[in-house]
Amino acid sequence: MTFEWNVFIDALTSGTFLRGALLSLALAVVSMIAATVIGFVVALLRIAKNSGARSVGWTYVWFFRAIPTLLVLLLIWNAGPQLFPALRENWFTPFLAAFVGFAVVEAAYMAEILRSALLSVDDGQHIAARALGLPPHKVLFKVVLPQAIKVAIPPSGNEFIAMLKYTSLASVISLRELLTTAQSEVSVTFRYAEYYSAALIYYLVIVSVAMLGQYFLERRYQWISKGQHTSVTTPTSQEVPA
């Protein structure tokens, strides 16, 4: 069986593949946003002075890093309606189940990334900000977080790219994302090379755009380190690690 270019081009330009790709991208974006918010809260628990809070944060990270993402999806989609009757209604869609599953699992990894980024900011920054009379929440959001974001961007970008590929796992709960679309066409035509190659092109394009976005974000936050050398009002900022 030869490679049929017309089948490949038709798949590449079809609305079905485009919708599958957009669905995968949308799922990855909203899941990553939710995972970052949850992960930030968990990261704060992990570095809290209270031992009970640290235990809660550690347990969350341990639990969701220990179980496979595929198992989480199956539990939410299949076991969830069995345990909670409200989930048997039409509003509980495969997209929503996948969003919840990816967000809670990815939050465990984002929590570790953000925890490391927050801890990378030198203690002198905290002490100087507190000496200026800033309350703890302003020290966190005005002084520590902007510097931690710069540290967290590269690993977070990698996690987002990984999330794009994880979305293919949602095929097990009947979500018609990009890979499910390709598999559906293959099951009818048995043209493996053409349809899987079309899906591959979509993933390459999406990941390339994501890498470009990561590059510009990293450039956007270069001002933090460059500003340390030009600023004369905050000498303690020179202690921030590169």
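We number each residue from 1, following the sequence as shown. What you are looking at is a predicted structure, and each value in this text was computed from that prediction instead of being measured.
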Is there a side-chain contact between [X] and [Y], using heavy atoms and a 4.5 Å cut-off?
X    : Y    : value
L23  : L27  : no
I38  : Y60  : yes
M110 : M32  : yes
V61  : Y109 : no
V121 : L145 : no
T181 : R19  : no
F64  : T69  : no
F190 : V186 : no

How long is the straight-line distance from [atom2] of [Y] back to [atom1] of [X], given to the nearest 0.5 Å?
X    : Y    : atom1 : atom2 : value
I201 : Y196 : CD1   : OH    : 16.0 Å
D10  : W5   : CG    : CH2   : 13.0 Å
L212 : L217 : CG    : CG    : 10.5 Å
S24  : R176 : OG    : CZ    : 11.5 Å
E4   : I9   : CD    : CD1   : 12.0 Å
E185 : Y192 : CD    : OH    : 13.5 Å

Q.
For the aromatic rings, using the six-membered ring if either is Trp, is the centroid distance between F99 and F95 under 6.0 Å?
A. no
Q: With side-chain contact (heavy atoms from CB on, under 4.5 Å) as the test, would you mind laying out the steps for Y166 and E106 before giving the verdict?
A: CA-CA 10 Å; Y166 292 156; E106 184 60 29; 4.2 Å; yes
If you compare all heavy atoms of [X] against all heavy atoms of [Y], which two are closest, and at what distance to 0.1 Å?
X    : Y    : answer
L70  : L169 : CD1-O, 4.2 Å
L140 : P146 : O-CD, 4.4 Å
S156 : I113 : OG-CG2, 3.9 Å
L114 : A43  : CB-CB, 3.9 Å
A199 : L178 : O-CD2, 3.7 Å
A198 : F8   : N-CE1, 3.5 Å

Q: Carefully, step by step, assess V143 and H126 under the rule side-chain contact (heavy atoms from CB on, under 4.5 Å).
A: CA-CA 8 Å; V143 178; H126 299 258; over 6 Å; no
Do [X] and [Y] share a hydrophobic cluster, counting only Ile, Leu, Val, Met, Phe, Trp and Tyr and linking them when any side-chain heavy atoms are less than 4.5 Å apart?
X    : Y    : answer
V41  : W62  : no
V105 : V56  : no
V207 : F160 : yes
V29  : V209 : no
I206 : Y215 : no

Q: Test side-chain contact (heavy atoms from CB on, under 4.5 Å) on Y203 and L179 and set out the steps.
A: CA-CA 10 Å; Y203 278 118; L179 186 58; 4.0 Å; yes
Q. Is there a donor-acceptor pair under 3.5 Å between the side chain of T167 and the backbone N or O of L164?
A.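 Judged by distance alone, yes, a pair lies under 3.5 Å.
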Which atom pairs, one a donor and one an acceptor, fall under 3.5 Å between side chains of residues 44-51 and the rest of the protein, sequence neighbours left out?
{"residue": "R46", "atom": "NE", "partner": "E112", "partner atom": "OE2", "Å": "3.1"}
{"residue": "R46", "atom": "NH2", "partner": "E112", "partner atom": "OE1", "Å": "3.4"}
{"residue": "R46", "atom": "NH2", "partner": "E112", "partner atom": "OE2", "Å": "3.3"}
{"residue": "N50", "atom": "OD1", "partner": "G52", "partner atom": "N", "Å": "2.7"}
{"residue": "N50", "atom": "OD1", "partner": "A53", "partner atom": "N", "Å": "3.0"}

Q: Please lay out, stage by stage, how E177 and T180 fare under the test side-chain contact (heavy atoms from CB on, under 4.5 Å).
A: CA-CA 5 Å; E177 42 70 55; T180 309; 2.3 Å; yes
**Q.** Y195 and F17 aromatic ring geometry - parallel, tilted or perpendicular at 30°/60° bounds
**A.**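 Parallel: the ring planes of F17 and Y195 meet at under 30°.
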Q) Above 12 or not: heavy atoms from other molecules or residues under 6.0 Å from CZ of F3? A)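 Counting other residues, nucleotides and ligands, CZ of F3 exceeds 12 neighbours.
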(Q) Within the supplied structure, the quantity of interest is the number of heavy atoms (other residues, nucleotides, ligands) at a distance under 6.0 Å from W91 CH2; does it exceed 12? (A)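 Count over threshold, so yes.
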